[in-house]
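Numbered from 1 within each chain, the chains take letters A, B, ... in sequence-line order.
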Amino acid sequence: MTLSEQEIIRRESLNQLIELGINPFPSETFEVNTTTSEILEKFPADESLFQRVSIAGRIMSRRIMGAASFAELQDSTGRIQLYVKRDDVCPEDDKTLYNTVFKKLLDIGDIIGVKGFVFITKMGEITIHVQEIKLLSKSLRPLPIVKEKEDQVFDAFTDPEQRYRQRYLDLVVNPEIKNIFIMRTRLINSMRNFLNVKSYLEVETPILQPLYGGATARPFKTFHNTLDMVLYLRIANELYLKRLIVGGYDGVYEFSKDFRNEGMSRFHNPEFTQMELYVAYKDYEWMMNLVEEMVERIALDLHGSTQVLVGERLIDFRRPWKRYTMFGIIQQFTGLDISNMDESELRKTASRLHVALTPEMAKGKIIDAIFGELCEPNLIQPTFITDYPIEMSPLAKKHPTKPGLVERFEAIINGKELCNAFSELNDPIDQRQRFEAQLELGKRGDDESMALDEDFLRALEYGMPPTAGLGIGIDRLTMIMTNSPSIQDVIFFPQMRPEK
RNA sequence: GAUUCCGUAGCUCAGCCGGUAGAGCACAUCCCUUUUAAGGAUGGGGCCCUGGGUUCGAAUCCCAGCGGGAUCACCA
């Protein structure tokens, strides 16, 4: 490992600190009694509160001068200026702490604790007048420091590769990134709270599964040595949650890390988070109302408004959302009623509409391709699309009056699917036939078709109440709620190829 | 996977009509002392992503590779 000049200098500083008897990585606690944001909010209105503050954080800039210097300290809530005067920090004759330690041996990036009182400088800036200073952790690498003045930013740390690989740095240096992840957690808390108030039970189900099911996707495969068997990382948890409904819970949900061995894009990460919810004695119409209510609630909790700016567009989550059937929306955008077409007519129609198809696509996939190409990207405001073709919905209940369709909906926002839900198929004989149809698709070359899960069928044979089920993409919802263009911006450590 | 753009100092970037490697910030030394993106002066710092090729000579041109971004495909 070759060190840069600046890294060598910092290691030398580290050694000098040790020679001066200062532990650069002390183990004792440093008691903090306030935060920068609290000081900046409440001072000077509550001046008396801040006569003896104790605060810790990272040095983010320094303006070193003779007998008195300035620095900026960043803690988890923000930044505040420090005023360090030699004779206050070193009241005795020995001025080493100021002249040598503070001025020469401390660096931007070092983590320190300070004690002192808050005042306002001549320039009008709220500042801590430091009386004690203690090194809490030495930083051996220079930070990619960002300069700001008013609204301008200089030398921003922007390289996406470095930001994702070294997210810790991104968070230190780009504070607005920290806020995105705080929003993500608040979103999850809001959703969890919404579901708990309704008394649904948060549960945990297996991530390692002997059979992967509940979605159509290629899985990650792993191996259990003791059992001597292949296991899969789950692509969904649907079939386990439905088993719990069979077991007698009325409502269960899980925030589920799922894993799909597919392509990556700004909307896809190999591991991602879904929230799946199953409620007994309900159907998809009921679930649509719940989704509207829940997502509207989340927008209000996060933004205090149902309106959220996404890119250039203002998206309004206010209920009720628009609802169209799949055939209805296709008719709206193409002027064509395809509801009674057979596979060959659909193929002709698709080619007339310049929608690309592959030979193994069956009726359902063709309809979905037309929808995905011509309708979905144009649905910006929250919109429900209902009544999907049966071929692409092997776990959904048949529509009672519309042959070939199922009771299913998706919510589309900003041209992308946000959630997927249906009245769950609870007829075990029908379910077995659907699985068998999937096996046929698999033989036809569809490598994402579902496996037949005998234990799940056995559970259904004991009887599952009519149930509404939902899967909602947490990463995508976070992208919308935080106006983030890439999924990598809402996942702390997105998947990357290894360095070097 | 395809197309395209990018990879130069710790960071942000210039240099790319081939001829000794540049700026700002950061860093070091000195001066100043309540500064405001960076008070002033001086200075150090580079396998120019990797490997080949063309050439007297390559950061620069060509090829391949590695890593990344964007778009598309795939992913309901």
Enquirer: Taking the side chain of A:Tyr164 as its heavy atoms from C-beta onward, which of B:C11, B:A26, B:G69 lies nearest to it?
Expert: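 Of the options given, the side chain of A:Tyr164 lies nearest B:G69.
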Enquirer: Measure distances between side-chain N and O atoms of A:Gln6 and base N and O atoms of B:G10, and say whether any donor-acceptor pair falls under 3.5 Å.
Expert: yes
Enquirer: Using atom P of each nucleotide, how far apart are B:A9 and B:C13 to the nearest Å?
Expert: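 That atom pair is separated by 11 Å.
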Enquirer: Among the candidates B:U35, B:C13, B:A73, find the nucleotide nearest to the side-chain atoms of A:Thr158.
Expert: B:C13
Enquirer: Would you classify A:Arg10 as touching base, sugar-phosphate or nothing, given that sugar-phosphate means primed atoms plus P, OP1 and OP2, and contacts are heavy atoms under 4.0 Å?
Expert: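 The answer is nothing, as A:Arg10 stays clear of every strand by at least 4.0 Å.
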Enquirer: The side chain of A:Ser486 lies closest to which of these nucleotides: B:U34, B:A70, B:G10?
Expert: B:A70
Enquirer: Using whole Å, what does the distance between atom C1' of nucleotide B:G39 and atom NZ of A:Lys122 come to?
Expert: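 Nearest whole value for this atom pair: 13 Å.
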Enquirer: What is the nucleic acid contact for A:Gln488, judged by heavy atoms within less than 4.0 Å: base, sugar-phosphate only, or nothing?
Expert: sugar-phosphate
Enquirer: Please give the nucleotide sitting opposite B:U3 as a Watson-Crick or G-U wobble pair, both distances under 3.5 Å, or none.
Expert: B:A70
Enquirer: Taking 4.0 Å as the cut-off, does a side-chain nitrogen or oxygen of A:Arg497 come that near to OP1 or OP2 on B:G67?
Expert: yes
Enquirer: Which comes earlier along RNA chain B counting from the 5' end, the contact point of A:Leu106 or that of A:Ala68, where each point is its nearest nucleotide?
Expert: A:Leu106
Enquirer: Using whole Å, what does the distance between atom P of nucleotide B:G69 and atom CZ of A:Arg165 come to?
Expert: 8 Å
Enquirer: Measure centre to centre between the rings of A:Tyr284 and A:Phe422, then say whether the value is under 6.0 Å.
Expert: no
Enquirer: Hey, is the side chain of A:Lys104 poking within less than 4.0 Å of OP1 or OP2 on B:C27, counting only N and O atoms?
Expert: no
Enquirer: Could you go through the side-chain contact (heavy atoms from CB on, under 4.5 Å) check for A:Ile330 and A:Cys375 one step at a time?
Expert: CA-CA 7 Å; A:Ile330 289 173; A:Cys375 306; 3.9 Å; yes
Enquirer: If you count every heavy atom of other residues, nucleotides or ligands that lies below 6.0 Å from A:Lys221 atom NZ, does the total exceed 12?
Expert: no
Enquirer: Can you check whether A:Arg266 has a side-chain N or O nearer than 4.0 Å to OP1 or OP2 of B:U71?
Expert: yes
Enquirer: Which value, in whole Å, describes the distance between the C1' atoms of nucleotides B:A21 and B:C48?
Expert: 8 Å
Enquirer: Counting Watson-Crick and G-U wobble pairs only, both distances under 3.5 Å, name the nucleotide matched with B:U29, or none.
Expert: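 In the structure as shown, B:U29 has B:A41 as its Watson-Crick or wobble partner.
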Enquirer: Indicate, with a heavy-atom threshold strictly under 4.0 Å, whether A:Arg163 touches base, sugar-phosphate, or nothing.
Expert: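 Here A:Arg163 touches no strand at all.
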Enquirer: Roughly how far apart, to the nearest Å, are B:G51 and B:A14 at atom P?
Expert: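 These two P atoms come out 24 Å apart once rounded.
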Enquirer: Does A:Asn269 use its side chain to pair, donor to acceptor, with the backbone of A:Glu271 at less than 3.5 Å?
Expert: yes
Enquirer: What is the distance from NZ of A:Lys103 to P of B:C31, rounded to the nearest Å?
Expert: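 After rounding, the reported distance stands at 9 Å.
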Enquirer: Rounding to the closest angstrom, what is the interatomic distance between B:C61 and B:C25 at atom P?
Expert: 30 Å
Enquirer: In whole angstrom, give the distance that lies between atom CD of A:Glu72 and atom P of B:A37.
Expert: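 Distance, rounded to whole Å: 11 Å.
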Enquirer: For the pair A:Phe492 and A:Phe181, name the ring-plane relationship: parallel under 30°, tilted 30 to 60°, perpendicular over 60°.
Expert: parallel
Enquirer: Which nucleotide in the list B:C27, B:C74, B:U34 gets nearest to the side chain of A:Arg218?
Expert: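 Among the listed nucleotides, the one closest to the side chain of A:Arg218 is B:C74.
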Enquirer: Rounding to a whole Å, what distance do you find between A:Phe70:CZ and B:A37:C1'?
Expert: 16 Å
Enquirer: Taking only the side-chain heavy atoms of A:Thr121 (C-beta and beyond), determine which of B:U35, B:G67, B:C27 contains the nearest atom.
Expert: B:U35
Enquirer: Parallel, tilted or perpendicular: which fits the ring planes of A:Phe102 and A:Tyr98, with parallel below 30° and perpendicular above 60°?
Expert: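 Answer is parallel, since the angle falls under 30°.
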Enquirer: I'd like the C1' distance from B:C17 over to B:U42, given in whole Å.
Expert: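 Between the two C1' atoms, the distance is 36 Å.
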Enquirer: Could you state the atom-to-atom distance from CD1 of A:Ile64 to C1' of B:C27 in whole Å?
Expert: 13 Å
Enquirer: At 4.0 Å (heavy atoms only), tell me whether A:Gln162 reaches a base, stays on the sugar-phosphate, or touches nothing.
Expert: sugar-phosphate
Enquirer: To the side chain of A:Glu125, which of B:U36, B:C11, B:U71 is closest?
Expert: B:U36
Enquirer: Using the side-chain heavy atoms of A:Phe157, tell me which of these nucleotides is nearest: B:C27, B:C11, B:G68.
Expert: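 Per side-chain heavy atoms of A:Phe157, the pick is B:C11.
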Enquirer: Please report the distance separating the C1' of B:U71 from the corresponding atom of B:U55, rounded so that it comes out in whole Å.
Expert: 37 Å
Enquirer: Would you indicate what A:Asn420 reaches in the nucleic acid, counting non-hydrogen atoms under 4.0 angstrom: base, sugar-phosphate, or nothing?
Expert: base
Enquirer: Applying a 4.0 Å non-hydrogen cut-off, can you work out what A:Arg63 is touching in the nucleic acid: base, sugar-phosphate, or nothing?
Expert: base
Enquirer: Quote, to the nearest angstrom, the C1' distance that separates B:G22 from B:U8.
Expert: 10 Å
Enquirer: Taking salt bridge (Lys or Arg N to Asp or Glu O under 4.0 Å) as the definition, give me every residue that meets it alongside A:Lys242, ordered by chain and number, with sequence neighbours left out.
Expert: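 Once residues adjacent in sequence are excluded, the partners of A:Lys242 under the salt bridge (Lys or Arg N to Asp or Glu O under 4.0 Å) criterion are A:Glu238, A:Glu424.
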Enquirer: Which nucleotide in the set B:U34, B:A73, B:G68 lies at the smallest distance from any side-chain heavy atom of A:Ser265?
Expert: B:A73
Enquirer: In whole angstrom, what separates A:Asn269's CG from B:C74's C1'?
Expert: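 Taking atom C1' of B:C74 as the reference, CG of A:Asn269 is at 16 Å.
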Enquirer: How long is the line joining CG of A:Leu143 and P of B:U12, in whole Å?
Expert: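 Atom-to-atom, A:Leu143 to B:U12, this comes out as 13 Å.
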Enquirer: Using the C1' atoms only, state how far B:G7 lies from B:C49, rounded to an integer number of Å.
Expert: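 Looking at atom C1' only, B:C49 and B:G7 are 6 Å apart.
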Enquirer: Within this structure, what is the CZ-CG distance for the pair A:Arg434 and A:Leu452, rounded to the nearest 0.5 Å?
Expert: 13.5 Å
Enquirer: Counting side-chain heavy atoms from CB outward, which of B:C27, B:U34, B:G10 is closest to A:Ser4?
Expert: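 Nearest nucleotide to the side chain: B:G10.
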Enquirer: Taking only the side-chain heavy atoms of A:Glu5 (C-beta and beyond), determine which of B:C30, B:G67, B:G45 contains the nearest atom.
Expert: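 Nearest to the side-chain atoms of A:Glu5, counting from C-beta on, is B:G45.
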Enquirer: Under a 3.5 Å limit for both distances, which nucleotide forms a Watson-Crick or G-U wobble pair with B:A9, could you say?
Expert: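 Paired with no nucleotide.
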